[in-house]
Amino acid sequence: MEKGDFCISTIASSHVAVLLTIGVITIHVGRISYVIYRSSKPLHSKSSRSLSTLIVLGSGGHTAEMLNLLYVLQTRRLKRRYYVAAATDNMSLQKAHVFEDSLLGKEALEEAGGAEFMQIYRSREVGQSYITSVGTTLVAIAHALWLMIKIRPQVILCNGPGTCIPLCVIAFLFKVLGIRWSSIFYVESIARVRKLSLSGLLLYKLHMADQLFVQWPQLKAKYPRAHYVSCLM
């Protein structure tokens, strides 16, 4: 092969590689845009079938607010329910156990298919250095991936704890890849009056939440894509 032919072949190969790269990027951007567009639309489901639901609990007032929210929702449709809390947060799962027992009773709970209670590694503990949190974040992401593959929820409910972020990121990636469509509903804590929490801000800015609810009109004015629900809790 002459030198000129070799150069032409090399240029042609590079052009093909560039075109393939552009094509792959275009497909992924298009898919992400579609997921964001579809997620932003109101859900209209007339089906009465139950929906497997992942419920993310958090320490402090997060769990109390979430259980109050579940109390006013149609929990009959949210089956099977999977409660997830940080590995270092035992109180939240205990409260979830009490809530399930008081809601359905032990016999009814078994007939309904029951609920499952799980723990997930935290990306970063309070006071943990950012350097060491790199390793724990990778572990948390791997654990979150395993949980999402195991649970395969149709609905994800969360209201602020940082443990929800790895789960929501993986759920969003599953949507983009066409593996599983999990509708993400984020309810900002009533304690957030002037600005979103870090978790809420990430889900809002990255368009990962299908519906994001706030409980103060100031937040609705600042984040127009959010849904304002007064006195939700």
Side-chain angles (χ1 to χ4, degrees), residues 35 38-59 61-87 89 91-106 108-120 140 143-175 178-189 199-200 203 208-213 215 227 229 232-233:
V35 169
R38 180 179 166 186
S39 298
S40 65
K41 297 299 179 182
L43 299 178
H44 299 289
S45 176
K46 296 182 180 180
S47 174
S48 59
R49 65 187 179 90
S50 59
L51 302 169
S52 60
T53 305
L54 171 62
I55 303 160
V56 185
L57 304 177
S59 58
H62 291 299
T63 293
E65 289 189 8
M66 179 58 72
L67 296 181
N68 286 338
L69 173 62
L70 288 173
Y71 185 78
V72 301
L73 292 177
Q74 297 179 359
T75 50
R76 291 180 178 273
R77 290 202 58 195
L78 304 180
K79 301 174 186 175
R80 184 179 186 116
R81 290 186 287 277
Y82 300 87
Y83 294 89
V84 176
D89 180 11
M91 289 299 298
S92 292
L93 291 183
Q94 291 178 13
K95 292 176 181 178
H97 273 286
V98 173
F99 171 78
E100 286 288 339
D101 289 342
S102 64
L103 185 64
L104 298 173
K106 292 184 178 180
L109 184 63
E110 293 174 358
E111 293 175 2
E116 291 193 31
F117 307 88
M118 304 175 176
Q119 292 181 308
I120 184 174
H143 193 198
L145 177 60
W146 179 82
L147 285 177
M148 288 296 296
I149 293 174
K150 178 181 179 181
I151 299 172
R152 294 175 61 83
Q154 295 165 282
V155 175
I156 298 177
L157 297 178
C158 46
N159 68 337
T163 48
C164 75
I165 295 300
L167 295 166
C168 290
V169 169
I170 292 170
F172 185 79
L173 291 177
F174 279 5
K175 289 181 184 180
I179 297 175
R180 179 69 165 180
W181 191 281
S182 300
S183 297
I184 302 172
F185 297 94
Y186 182 90
V187 183
E188 187 58 276
S189 171
S199 298
L203 295 180
M208 286 194 294
D210 292 68
Q211 304 286 336
L212 190 147
F213 298 91
Q215 301 184 63
H227 300 273
V229 183
L232 183 61
M233 299 300 177

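Along the sequence shown, residues are numbered consecutively beginning with 1. Quick caveat: nothing in here was measured; it's all calculated off a predicted structure.
Ala115 and Glu100 get closest at one heavy-atom pair: CB-CD, 3.8 Å. Between Val56 and Cys164, the shortest heavy-atom distance links the atoms CG1-CB, 3.8 Å. The heavy-atom pair separating Leu57 from Ala96 by the smallest distance is CD1-CB, 3.8 Å. Nearest heavy-atom pair across Gly200 and Leu212 is O-CD1, 3.6 Å.
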Practice item. With side chain to side chain contact (heavy atoms under 4.5 Å, CB included) as the test, would you mind laying out the steps for Ile156 and Met148 before giving the verdict? Key: CA-CA 10 Å; Ile156 298 177; Met148 288 296 296; 4.1 Å; yes
Practice item. Go through Ile165 and Leu203 one step at a time and tell me if the side chain to side chain contact (heavy atoms under 4.5 Å, CB included) criterion holds. Key: CA-CA 8 Å; Ile165 295 300; Leu203 295 180; 4.2 Å; yes
Check your understanding: Is there a side chain to side chain contact (heavy atoms under 4.5 Å, CB included) between Val229 and Val187 once you walk through the steps?
Key -> CA-CA 9 Å; Val229 183; Val187 183; over 6 Å; no
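Applying the side-chain hydrogen bond (donor to acceptor under 3.5 Å, both in side chains) rule to Ser59 yields no partners; only residues at least two apart in sequence or on another chain are considered. Shown here are the side-chain hydrogen bond (donor to acceptor under 3.5 Å, both in side chains) partners of Gln94, two or more places apart in sequence or in another chain: there are none. Taking the ring-ring contact (aromatic ring centres under 6.0 Å, His included) definition, one finds that Tyr186 meets it with nothing, sequence neighbours left out. For the side-chain hydrogen bond (donor to acceptor under 3.5 Å, both in side chains) test, residues two or more places apart in sequence or in another chain that qualify with Thr63 are Ser92. Every residue meeting the side chain to side chain contact (heavy atoms under 4.5 Å, CB included) condition with Val155, not counting sequence neighbours, appears here in chain and number order: Leu51, Thr53, Leu157, Phe185. Checked against side chain to side chain contact (heavy atoms under 4.5 Å, CB included), Arg152 has the following partners two or more places apart in sequence or in another chain: Ile179, Arg180. With sequence neighbours excluded, the residues forming a side chain to side chain contact (heavy atoms under 4.5 Å, CB included) with Leu173 are Val169, listed by chain and number. Remark: Tyr82 engages no residue in a ring-ring contact (aromatic ring centres under 6.0 Å, His included) (not counting sequence neighbours).
At least one side-chain heavy atom of Phe174 sits less than 4.5 Å from a side-chain heavy atom of Leu145. Residues Met118 and Leu147 have side chains in contact (heavy-atom distance under 4.5 Å, counting atoms from C-beta outward). Taking the side chain as every heavy atom from C-beta outward, Ser52 and Ile151 never approach each other to under 4.5 Å. Contact check for Gln215 versus Ser189: no side-chain heavy atoms found under the 4.5 Å cut-off. Cys158 is not listed as a side-chain neighbour of Ser199, based on a closest heavy-atom distance of 4.5 Å or more.
Note that NZ of Lys95 is 13.5 Å distant from CE of Met66, once rounded to the nearest 0.5 Å. A distance of 8.0 Å separates CD1 of Ile149 from CD1 of Ile170, quoted to the nearest 0.5 Å. Put simply, CD on Glu116 and CG on Leu54 are 11.0 Å apart, with the number rounded to the nearest 0.5 Å. One finds the CG atom of Leu67 at 8.5 Å from the CD1 atom of Ile55 (value rounded to the nearest 0.5 Å). Interatomic distance, OG of Ser183 versus CD of Gln154, reported as 8.5 Å (0.5 Å rounding).
Under a 3.5 Å cut-off, the side chain of Asn159 and the backbone N or O of His62 do form a donor-acceptor pair. Looking only at distances, no side-chain donor or acceptor of Thr163 sits under 3.5 Å from a matching main-chain atom of Ala85.
Between His227 and Phe213, the ring planes lie tilted relative to each other; the angle falls in the 30° to 60° range.
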